[in-house]
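Inspection log for the structure reproduced underneath, given as structure tokens.
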Amino acid sequence: MKFQIRLVERGDVWNIARVVHRSRGLDGPLLDQQVELDVARFQEQGVVHQLESNTLIALDGETFAGILRYGEFENELQLNRPDVDPAYDERAVTRALIGAIWSFTGPAITKATYVDYATHSGNIGDVFLEAGFSRWVDRLDMRLKLTEEVGPAREDMTFQGYSEEVRERFYNVYQSSFTGTLDPMMQWSADYPEQSFVMFQTRFGAFDPDFWVLATNADGQDVGFAIFHDFATGRYAGDTVLLYTGVSPQARGKGYGGEIVREGLRRVRAKRGPHHSVSLSVTRANKPAEDNYRKLGFRPIEAFSVYKLDKVEGRNS
């Protein structure tokens, strides 16, 4: 079956909502009722224009077979898992959508990434491999519920939150932390540290300065940091997420990393309470980091893989 692929258009929100709910198993009168409620809510919240953007539509005649939502960050196209009407083969619709992505992107976009989490229908990373993507990195989501109090801080370390007064110090240790990093997903941040530093403050909504932790040792040297952020929506909705933590090269091997994370956990628990949870994602190849998070009490939630495709003019455009 050949699908027509086009960009989202004004007025598509109804069919988008319908496909999303059908892909999750809703059907019949309950489907129609839920779509009506959703569209009314979207209109009331004034977010219809957001839903009718950054989306590719796969059409079978006039029927919506599936949608592919995406975001753009710098030169990267970040693809979501397609929502596919169960009347169609998910893999066939996905192939059609990802095969058309370069036709709808500008020259500034030079690569695409996709995060493959399992759903009720399994993983579809193999479809992206068939389309020329490479399996870039395997990662693991971990989570810790802050039921128990976090132990006291080491006496030879002091901590402070972010402020403009410490911005330069915080940035300096942030920049130095990329030396010898084991996480390939931080390559862009390492190449553009100033931009990525600002990105951590702005990309995920307003940040809490108390959840940006700067660590200093007994000699007055800034040795590391941790960046935590509250998430209200998305996969980590309701959790605080440890976005990134690092230790300067000269301070590694002294146990600072775990202590910095513990300080962040203390701060989050003090503000959010003992029923709150903290999540993180770690690269599976970075076994020392995964082991350290386990020692801190984090437990595996779900493994996933990240796929990447670099745009090659004339080959995958």
Side-chain angles (χ1 to χ4, degrees), residues 139-163 166 169-171 173-174 176-177 181-183 185-186 189 196-197 199-201 203-218 221-248 251-284 286-303:
R139 291 180 70 83
L140 179 68
D141 276 339
M142 306 184 77
R143 198 167 188 248
L144 169 65
K145 191 162 186 177
L146 299 172
T147 308
E148 299 182 4
E149 289 191 18
V150 184
R154 277 172 41 170
E155 294 183 357
D156 63 340
M157 297 182 71
T158 57
F159 305 95
Q160 57 187 309
Y162 180 86
S163 67
V166 300
R169 291 169 51 197
F170 206 119
Y171 173 74
V173 72
Y174 170 84
S176 72
S177 73
T181 180
L182 296 174
D183 190 344
M185 292 193 70
M186 297 304 296
S189 296
S196 66
F197 188 74
M199 180 271 292
F200 275 119
Q201 295 179 337
R203 188 180 184 190
F204 307 103
F207 75 100
D208 187 333
D210 287 340
F211 291 174
W212 280 47
V213 181
L214 177 64
T216 306
N217 66 12
Q221 299 173 326
D222 296 326
V223 295
F225 68 94
I227 296 174
F228 293 79
H229 194 94
D230 291 331
F231 275 64
T233 60
R235 183 171 185 81
Y236 305 109
D239 284 5
T240 299
V241 177
L242 174 55
L243 292 177
Y244 186 48
T245 183
V247 176
S248 58
R252 292 172 185 165
K254 300 178 182 180
Y256 291 143
E259 290 301 318
I260 295 168
V261 174
R262 284 192 183 92
E263 174 63 18
L265 297 177
R266 278 189 288 268
R267 290 169 177 244
V268 173
R269 191 177 191 274
K271 280 197 169 185
R272 303 291 180 254
H275 301 296
H276 197 70
S277 294
V278 173
S279 294
L280 60 83
S281 173
V282 62
T283 296
R284 299 306 301 267
N286 192 349
K287 194 65 167 57
E290 181 181 333
D291 291 342
N292 285 335
Y293 290 133
R294 289 178 184 269
K295 291 176 184 177
L296 290 169
F298 285 88
R299 293 295 176 259
I301 298 298
E302 184 175 7

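Owing to the predicted nature of the structure, the values given are computational and were not obtained by experimental measurement. The first residue in the sequence is number 1, and the count goes up from there.
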Please report the interatomic distance [atom1]([X]) to [atom2]([Y]), rounded to the nearest 0.5 Å.
X      : Y      : atom1 : atom2 : value
Gln221 : Arg169 : CD    : CZ    : 11.5 Å
Leu265 : Phe298 : CG    : CZ    : 5.0 Å
Phe225 : Leu214 : CZ    : CG    : 9.5 Å
Leu296 : Leu144 : CG    : CG    : 8.0 Å
Ile301 : Tyr236 : CD1   : OH    : 10.0 Å
Tyr171 : Asp222 : OH    : CG    : 15.0 Å

Under 3.5 Å, which donor-acceptor pairs do the side chains of residues 273-280 form with other protein atoms, sequence neighbours left out?
from: His276; atom 1: NE2; to: Thr240; atom 2: N; distance (Å): 3.3
from: His276; atom 1: NE2; to: Thr240; atom 2: OG1; distance (Å): 2.7
from: Ser279; atom 1: OG; to: Asp239; atom 2: OD2; distance (Å): 2.6

Evaluation steps, side chain to side chain contact (heavy atoms under 4.5 Å, CB included), between Phe211 and Asp230: CA-CA 9 Å; Phe211 291 174; Asp230 291 331; 3.7 Å; yes
Which atoms form the tightest heavy-atom contact between [X] and [Y], and what is the distance?
X      : Y      : value
Ala215 : Ile260 : CB-CG1, 3.5 Å
Trp212 : Gln201 : CH2-CG, 3.2 Å
Glu290 : Arg284 : OE1-NE, 3.2 Å
Arg269 : Thr147 : NH2-O, 2.9 Å
His229 : Phe231 : O-CD1, 3.4 Å

Flag the pair [X] / [Y] as yes when at least one side-chain heavy-atom distance between them is below 4.5 Å, and no otherwise.
X      : Y      : answer
Arg272 : Asp208 : yes
Pro288 : Asp291 : no
Phe170 : Phe197 : yes

Could you walk me through whether Tyr244 and Ser177 pass the side chain to side chain donor-acceptor pair (under 3.5 Å) test, one step at a time? CA-CA 10 Å; Tyr244 186 48; Ser177 73; 3.3 Å; yes
Please enumerate all residues that pass side-chain contact (heavy atoms from CB on, under 4.5 Å) together with Ala251, with sequence neighbours excluded.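 side-chain contact (heavy atoms from CB on, under 4.5 Å) list for Ala251, sorted by chain: Val223, Val247, Ser248, Tyr256.
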Any carboxylate oxygen within less than 4.0 angstrom of a Lys/Arg side-chain nitrogen, looking at Asp141 and Arg235? yes
Salt bridge or not between Glu263 and Arg266? Use side-chain N to carboxylate O under 4.0 Å. yes
Please indicate whether Glu302 has more than 12 foreign heavy atoms, meaning atoms of other residues, nucleotides or ligands, lying under 6.0 Å from its CD. yes
Test side chain to side chain contact (heavy atoms under 4.5 Å, CB included) on Thr245 and Tyr293 and set out the steps. CA-CA 12 Å; Thr245 183; Tyr293 290 133; 3.4 Å; yes
Test Phe204 against Val241 for side chain to side chain contact (heavy atoms under 4.5 Å, CB included), laying out the working first. CA-CA 11 Å; Phe204 307 103; Val241 177; over 6 Å; no
Could you walk me through whether Arg294 and Met142 pass side chain to side chain contact (heavy atoms under 4.5 Å, CB included), step by step? CA-CA 9 Å; Arg294 289 178 184 269; Met142 306 184 77; 3.7 Å; yes
